[in-house]
Amino acid sequence: MGNFVDFKEIEKQNEYVNKVKLLVNGKGKKAFVYTLGCQQNEADSEKIMGTLNKMGYQITENEKEADVLMVNTCAIRDHAEKRALSIIGRFKHYKAVNPDIIIGVCGCMSAQEHQREKLKHSYHYVDFTFGTGALHRLPEFIYNALNKKKRYFDIDSDKPQIAEGIETLRQSTYRAWVSIMYGCNNFCTYCIVPYVRGRERSRKMEDILCEIRDLVEKGYKDITLLGQNVNSYGKDLDEKTNISALLNEISKIEGDFWIHLMTSHPKDASIEMIEAIKSSPRTSGHFHLPLQSGSDEILKKMNRHYDLERYLSIIAKLRENNENITLTTDLIVGFPGESEEDFNLTLDVIKKVKYDSVFSFIYSPRKGTPAAAMENQIPSEEQHRRYDILCDAQNEISKKINESYIGTAQKVLVDGKSKNNEGVYTSRTQGNKIVHFECEKDYTGQFKTVKITRADTFALYGEII
Ligand code: 5AD
Ligand code: SF4
């Protein structure tokens with residue numbers, strides 16, 4: 001069945017679900033899942049929680065009372081891996097107190113051989129690890145751990161597949177993730193993702209549409225289509241299709257909801273896709289287009305397959321007759337060999353494009369990727385200096401753009417009470433801008449209109465109309 005997990009394997013896992021249920025049900029057992037990293041990991045964790053729940057575990061936010069502790073790890077930068085190891089380290093204590101506790105590690109970090117070995121040899125209390133492609137086998141791993149079978153370090157995730165039908169315990173009743181594809185074929189020289197998430201695999205269009213129809217029926221109002229490179233959706237499917245066709249089909253679904261795409265690669269951004277995004281009010285509010293660097297030379301060394309001119313032409317097309325679209329990007333500073341001149345070219349782009357916000361990252365060498373072995377690695381101090389300059393420049397731009405919203409009325413989706421401010425609610429516009437407003441009534445999960453009265457670098461403030 002190529003990219004899809006076959007029926008027999010799903011049946012086998014369902015049997016494990018039932019076996020675990022017999023051992024766990026009615027005993028008040030609880031599970032805790034710690035999630036690091038991107039939205040794809042958030043989405044995977046909702047499946048992990050759904051599966052644990054189906055087996056009879058109640059999901060808890062208190063790790064101290066958990067019988068199963070899971071860490072869903074990220075490997076994109078060194079910092080993420082260090083955090084994962086520190087959280088796993090914290091769990092040692094729980095197992096010392098109660099040896100029956102099950103500890104599992106999954107996600108991108110545990111899909112790397114050297115990290116798997118480290119967990120095996122230096123973290124003796126970890127019962128099992130598996131990568132993103134083996135998520136459907138969680139029932140089997142839990143069952144074996146419950147029966148005190150040998151510790152297990154899965155390597156199957158080296159050839160990940162798609163498993164449909166895994167239970168999902170969504171963490172929101174109005175915002176939802178929908179994976180449309182998994183993996184990446186691009187091998188940008190700095191990036192670990194293709195090594196840990198495997199090659200591109202697209203879900204069938206009908207499965208995606210079914211999921212979206214169901215979400216809309218249930219009242220979901222904000223749906224993010226997830227994939228490492230959503231622009232190449234469908235290329236690997238037998239029934240040849242593409243992202244534009246998918247968007248056009250989604251636009252036929254009735255209801256009041258927003259659609260986001262996360263994330264796109266400029267080299268695959270076709271005119272057809274841009275037109276599909278612009279043609280529907282559901283999709284035309286925001287676009288995230290990672291640039292990574294404003295220097296053609298660095299883009300080449302990153303293996304990005306586009307130059308600045310091509311990138312800017314996509315931005316121009318997105319904005320043509322659609323001036324209100326908000327734009328965001330990812331940038332890496334301090335890539336090997338990045339000169340002051342290269343860095344200044346990146347600075348020039350943000351000043352020229354005027355993104356609403358920018359996600360800037362300090363280059364972090366990833367073991368096994370080509371860039372980690374490149375000459376002329378930039379010293380950390382210099383990376384930080386450039387990073388600070390970039391953030392300051394962008395903050396000024398974001399503030400100016402946000403201030404231009406003062407006096408306008410914005411449709412927002414309400415997210416609930418603000419954590420720090422009594423009586424204040426927080427919400428987001430379709431363009432992903434945070435809007436705070438005072439209100440007596442709780443409109444969480446509903447669309448409302450807010451008149452903007454104030455703005456700063458990171459948020460808008462206003463009054464509900
Ligand atoms: N170092 C720093 N940033 C990275 N990213 C990916 N790999 C690395 C790395 N090794 C950034 C890219 C990507 C975003 C998700 O993370 O900007 O778009
Ligand atoms: Fe990583 Fe590049 Fe794939 Fe994005 S497109 S996941 S940056 S390899």
Side-chain angles (χ1 to χ4, degrees), residues 36-44 73-83 107-109 111-112 115 131-133 160 179-202 224 226-233 235-236 243 261-269 287-295 298-306 311 327-338 343 346 349-350 355 357-374 377-378 380 382-384 386-387 390-391 394:
L36 290 144
C38 63
Q39 290 95 337
Q40 188 67 62
N41 257 21
E42 298 275 349
D44 286 348
T73 63
C74 169
I76 199 95
R77 283 171 287 276
D78 185 52
H79 177 68
E81 294 197 325
K82 287 216 171 88
R83 266 192 71 200
C108 294
M109 187 183 90
Q112 299 168 97
Q115 296 291 20
T132 58
S179 297
I180 63 166
M181 62 184 302
Y182 304 91
C184 180
N185 289 354
N186 292 310
F187 290 94
C188 301
T189 54
Y190 50 82
C191 187
I192 196 71
V193 169
Y195 304 88
V196 292
R197 283 192 175 267
R199 294 299 74 72
E200 285 175 3
R201 286 103 60 207
S202 303
T224 303
L226 291 178
Q228 251 66 42
N229 179 14
V230 294
N231 321 42
S232 58
Y233 169 76
K235 281 185 187 161
D236 58 308
I243 186 71
L261 297 172
M262 192 55 80
T263 185
S264 300
H265 194 307
K267 86 172 161 60
D268 299 312
F287 201 68
H288 181 72
L289 193 61
L291 169 65
Q292 312 300 1
S293 169
S295 154
I298 296 294
L299 287 173
K300 211 175 242 162
K301 285 189 184 157
M302 288 176 162
N303 193 32
R304 291 288 288 177
H305 293 284
Y306 56 84
Y311 180 91
L327 293 171
T328 52
T329 197
D330 290 345
L331 295 172
I332 295 179
V333 289
F335 183 81
E338 184 190 68
F343 171 68
T346 304
V349 180
I350 66 159
Y355 294 102
S357 60
V358 163
F359 299 90
S360 317
F361 305 104
I362 290 176
Y363 168 70
S364 169
R366 305 286 67 216
K367 196 178 160 79
T369 60
M374 282 181 189
Q377 300 280 329
I378 309 296
S380 163
E382 179 57 20
Q383 287 181 316
H384 279 89
R386 291 180 193 174
Y387 177 81
L390 192 66
C391 289
Q394 180 56 40

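One-based numbering, in listed order, for ligands and for the atoms of each. Side-chain atoms are counted along with the backbone in the values below, which use heavy atoms only and exclude waters and symmetry mates.
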*Kindly say whether Cys184 contributes a backbone atom to a donor-acceptor pair with the side chain of Gln228 at under 3.5 angstrom?*
no
_N, O or S atoms of the protein lying under 2.8 Å from atom 2 (Fe) of ligand 2_ = Cys188 SG
*Taking the six-membered ring for Trp, is the centroid-to-centroid distance between Phe361 and Tyr387 below 6.0 Å?*
no
_Is a donor from one side chain sitting under 3.5 angstrom from an acceptor on the other, for His305 and Asp268?_
no
*Should the pair Asp236-Arg199 be classified as a salt bridge under the 4.0 Å nitrogen-to-oxygen rule?*
no
*Which value, rounded to the nearest 0.5 Å, describes the distance between Lys235 atom NZ and Ser202 atom OG?*
9.5 Å
_Within the 4.0 Å heavy-atom sphere of ligand 1, strictly under, residues_ = Ile76, Arg77, Tyr190, Gln292, Asp330, Ile332, Phe361, Ile362, Tyr363, Ser364, Arg366
_Under 3.5 Å donor-acceptor, Ser293 side chain and Ser295 backbone_ = yes
*salt bridge (charged side-chain N to carboxylate O under 4.0 Å, His left out) partners for Glu42, two or more places apart*: none
*Check whether the side chains of Asn186 and Lys267 place a donor and an acceptor atom closer than 3.5 Å, and report yes or no.*
yes
_For Tyr363, ring pair (Phe, Tyr, Trp, His ring centres under 6.0 Å) partners two or more places apart_ = Phe335
